[in-house]
Protein chains: 2
Amino acid sequence: MKPRSHHSEEQHLTESLGATGLRLTPQRQQVYDVLVQKRDHPTAEEVFIRAKKAMPDISHATVYNCLDALVKSGLARQVTLDRGATRYCPNMHEHGHFHCDTCQTVFDVDLPAQAMPLPKGFAAEHFDIAIHGKCPDCAQKK
Amino acid sequence: MKPRSHHSEEQHLTESLGATGLRLTPQRQQVYDVLVQKRDHPTAEEVFIRAKKAMPDISHATVYNCLDALVKSGLARQVTLDRGATRYCPNMHEHGHFHCDTCQTVFDVDLPAQAMPLPKGFAAEHFDIAIHGKCPDCAQKK
DNA sequence: GGACCACTTTAGAATTATTCTAAATCTTGA
DNA sequence: TCAAGATTTAGAATAATTCTAAAGTGGTCC
């Protein structure tokens, strides 16, 4: 048995997409790269703008399609805070999002393995935890 | 000292809005009533449609304005689930939202007094917890 | 007992976010 | 090589929200 040292990113994408019946395409790769390169929770529009730099012909609809594909395949998460555009995050580790109401930054924060006690019968598949407040810097500046 | 048996809803609204520098208007009252009468987490558009029945001249922008006023005054919460319209909820008791991916219903669920351990320095003001999965009925029907 | 001022509402236009459509392109397996 | 299915594309269409300017409302200070 050939030892696989570690999955390359490409392998990882191919497998995750494949498991959902989807293919890895250059556009999906590109959109994923954008998410990973700057983990600032960009909106679809921002992803579009960044992706265009490397791939000028990519279209708006494709970015939405790619983001959906990544989300469905468990490669990215949607982050919805308030009204306004949905944001995307490639961090699949269990975490929540802290939104600083002052500087508007979104931070990933580790959260305790969700022992969230739900009423009997509810079957949870996914938790979205958004916390609003002030980040350390803004809290200090009072 | 005159005993105040309990706040009337109107008093409650007037006080909460007042504390934020806002007035209780017939429109705000109406929008609040819509939220309280059917607690199914309606979107702004749905609130608009329902409010129009009792107040045919109310406008779209006013509904948004009223909802914002209620949220700012701590009389209602925004509920954002995935992409798509924001929903509103007059339940100010600490709770999270369970969204059934099958029947699309949104349930209020009690959650443990948030002992959510945040990294040092973060000052949380508000938690939004959305859980996706299957509600008891849909989970059973398999 | 009206003038004033700040707050609100209104209709509709404008903007923003997302989805849809139909045609062109690419992939893959037979 | 072909056909079927998946994907991308530009642009139109729709949905969600915000903006704008004008008109309405209410309380208060002479």
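Naming: A, B, ... by sequence-line order, numbering from 1 per chain. All of these numbers come straight from a predicted model, not from anything done at the bench.
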### Task
Decide yes or no on side chain to side chain donor-acceptor pair (under 3.5 Å) for Asp108(A) and His41(A), but give the supporting numbers first.
CA-CA 9 Å; Asp108(A) 284 4; His41(A) 307 89; 2.6 Å; yes
Within less than 4.0 Å of OP1 or OP2 of [N], is there a side-chain N or O belonging to [X]?
{"X": "Thr25(B)", "N": "dT9(C)", "value": "yes"}
{"X": "Thr62(B)", "N": "dT10(C)", "value": "yes"}
{"X": "Thr86(B)", "N": "dT17(D)", "value": "yes"}
{"X": "Tyr64(B)", "N": "dT18(D)", "value": "no"}
{"X": "Asn65(B)", "N": "dT9(C)", "value": "yes"}

Between [atom2] of [N] and [atom1] of [X], the distance in whole Å:
{"X": "Asp82(A)", "N": "dT17(D)", "atom1": "CG", "atom2": "C1'", "answer": "13 Å"}
{"X": "Met55(B)", "N": "dT10(C)", "atom1": "CE", "atom2": "C1'", "answer": "13 Å"}
{"X": "Lys52(A)", "N": "dT8(D)", "atom1": "NZ", "atom2": "P", "answer": "15 Å"}
{"X": "Gln78(B)", "N": "dT18(D)", "atom1": "CD", "atom2": "C1'", "answer": "14 Å"}
{"X": "Gln29(B)", "N": "dT9(C)", "atom1": "CD", "atom2": "P", "answer": "12 Å"}
{"X": "Leu24(B)", "N": "dG26(D)", "atom1": "CG", "atom2": "P", "answer": "12 Å"}
{"X": "Gln27(B)", "N": "dG24(D)", "atom1": "CD", "atom2": "P", "answer": "14 Å"}
{"X": "His60(A)", "N": "dT14(D)", "atom1": "NE2", "atom2": "P", "answer": "18 Å"}

### Query
Taking the six-membered ring for Trp, are His132(B) and His126(A) parallel (under 30°), tilted (30 to 60°) or perpendicular (over 60°)?
tilted
### Query
Do Arg87(A) and Glu46(A) have side-chain heavy atoms sitting under 4.5 Å apart?
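Result yes, sub-4.5 Å side-chain heavy-atom pair found.
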### Message
Once you apply a heavy-atom cut-off of 4.0 Å, does Ala61(B) come out as touching a base, just sugar-phosphate, or nothing?
### Response
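The residue Ala61(B) makes base contact.
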Compare the minimum distances between each of [options] and the side chain of [X], then state the nucleotide with the smallest one.
{"X": "Ala85(A)", "options": "dT18(C), dT10(C), dT7(D)", "value": "dT18(C)"}
{"X": "Asp57(B)", "options": "dT10(C), dA10(D), dA6(C)", "value": "dT10(C)"}
{"X": "Arg83(B)", "options": "dC7(C), dT19(C), dT7(D)", "value": "dT19(C)"}

#### Entry: Within the 6.0 Å centroid threshold, strictly below: His99(B) and His97(B)
no
### Task
Measure the spacing between OG1 of Thr105(B) and CG of Asp40(B) and express it to the nearest 0.5 Å.
9.5 Å
### Message
With nearest nucleotide decided by heavy atoms, which residue, Leu22(B) or Ala44(A), maps closer to the 5′ end of DNA chain C?
### Response
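Nearest-nucleotide comparison on DNA chain C picks Leu22(B).
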### Summary
Contacts of Val63(B) and Gly84(B) projected onto DNA chain C by closest heavy atom; the upstream (5') one is Val63(B)
